[in-house]
Novice: 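The structure under discussion is supplied below as structure tokens; questions concerning it will follow.
Everything numeric in this text was worked out from a predicted model, so none of it was measured.
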Amino acid sequence: QVELVESGGELVQPGGSLRLSCAASGSLFSIYSVGWYRQAPGKQRELVAAMTSGGSTNSADSVKGRFTISRDNAKNMVYLQMNSLKPEDTAVYYCNAKNPRTGRGYWGQGTQVTVSS
């Protein structure tokens, strides 16, 4: 029902900034909860930041004060603004959308973020 495509990942220097975008297709996007997850080599996929349909947000302790999630329902877009990037942020970042009624989730293909000098 929902298809997600991430973009914006690239090589960036420590301390730099990057904005990831997630374009959603399908109906009823505005009622879904959305989130950004990341997976580094050899590690489990972890939640980075999430937002409900009502605009409430949560983020991982490791990114608090540095990353901000936002959404534009009129454009069916989700964003992740990433500031003060660290090498530890290197990972594949995935967009997720979840139907709050059914609990069914959808994933994008991911976009690679590499933080290195």
Side-chain angles (χ1 to χ4, degrees):
Q1 185 177 2
V2 177
E3 295 183 2
L4 306 170
V5 180
E6 302 95 335
S7 63
E10 62 181 64
L11 174 65
V12 63
Q13 294 185 358
S17 296
L18 203 60
R19 188 173 83 158
L20 305 183
S21 298
C22 174
S25 63
S27 61
L28 304 178
F29 173 75
S30 63
I31 73 170
Y32 282 58
S33 296
V34 297
W36 287 95
Y37 292 71
R38 67 186 181 187
Q39 187 166 21
K43 299 181 66 177
Q44 295 284 342
R45 188 173 299 185
E46 64 176 353
L47 175 67
V48 176
M51 176 178 283
T52 69
S53 61
S56 298
T57 61
N58 286 289
S59 61
D61 289 342
S62 60
V63 307
K64 286 185 184 298
R66 299 190 298 122
F67 292 7
T68 303
I69 187 172
S70 62
R71 68 191 296 172
D72 186 339
N73 290 334
K75 298 180 179 179
N76 276 22
M77 296 289 293
V78 187
Y79 306 99
L80 183 68
Q81 179 64 47
M82 310 166 69
N83 299 326
S84 301
L85 284 162
K86 305 174 181 179
E88 306 92 270
D89 296 319
T90 296
V92 177
Y93 284 71
Y94 298 90
C95 183
N96 173 266
K98 182 179 180 180
N99 187 323
R101 293 190 300 106
T102 66
R104 183 175 181 180
Y106 301 87
W107 294 96
Q109 293 297 302
T111 185
Q112 176 71 49
V113 173
T114 302
V115 185
S116 176
S117 298

Novice: Distance-only, no hydrogens or angles: does the N96 side chain make a donor-acceptor pair with backbone N or O of Y106 under 3.5 Å?
Specialist: yes
Novice: If Ile, Leu, Val, Met, Phe, Trp and Tyr residues are connected whenever their side-chain heavy atoms lie under 4.5 Å apart, and connections chain through other members, are L11 and V113 in the same group?
Specialist: no
Novice: Quick one: do V48 and V115 end up in the same hydrophobic cluster if we chain Ile, Leu, Val, Met, Phe, Trp and Tyr together by side-chain heavy atoms under 4.5 Å apart?
Specialist: yes
Novice: Kindly check if the number of other-residue, nucleotide or ligand heavy atoms within 6.0 Å of CD (Q39) is above 12?
Specialist: yes
Novice: Would you confirm whether T52, through its side chain, and S56, through its main-chain N or O, come within 3.5 Å as a donor-acceptor pair?
Specialist: yes
Novice: For the atom pair OH (Y32) and CZ (R104), what is the distance rounded to the nearest 0.5 Å?
Specialist: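 Spacing of OH (Y32) from CZ (R104) equals 7.5 Å.
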Novice: Under a single-linkage definition using a 4.5 Å side-chain heavy-atom cutoff for Ile, Leu, Val, Met, Phe, Trp and Tyr, are W36 and M51 assigned to the same hydrophobic cluster?
Specialist: yes
Novice: Take L85 and F67, measure what side chain to side chain contact (heavy atoms under 4.5 Å, CB included) needs, and give me the verdict at the end.
Specialist: CA-CA 9 Å; L85 284 162; F67 292 7; 3.8 Å; yes
Novice: Quick one: salt bridge (Lys or Arg N to Asp or Glu O under 4.0 Å) pairs with a partner in residues 55-80, sequence neighbours left out?
Specialist: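 Sorted result for residues 55-80: R66-D89.
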Novice: At their closest point, which heavy atom of A60 faces which heavy atom of L47, and how far apart are they?
Specialist: CB-O, 3.5 Å
Novice: Kindly work out whether a path of hydrophobic side-chain contacts (I/L/V/M/F/W/Y, heavy atoms less than 4.5 Å apart) joins L20 to W107.
Specialist: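 No.
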Novice: Between atom CD of Q81 and atom OG of S21, what is the distance when rounded to the nearest 0.5 Å?
Specialist: 9.5 Å
Novice: Count the heavy atoms of every other residue, nucleotide or ligand shown that sit under 6.0 Å from CD of Q112, and state whether that count exceeds 12.
Specialist: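 Result for CD/Q112: enclosed.
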Novice: With clusters defined by side-chain heavy atoms of hydrophobic residues (ILVMFWY) lying less than 4.5 Å apart, directly or transitively, does I69 cluster with M82?
Specialist: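 Linked within one cluster.
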Novice: Is there a donor-acceptor pair closer than 3.5 Å between any side-chain N or O of E6 and the backbone N or O of G110?
Specialist: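 Yes: the side chain of E6 pairs with the backbone of G110.
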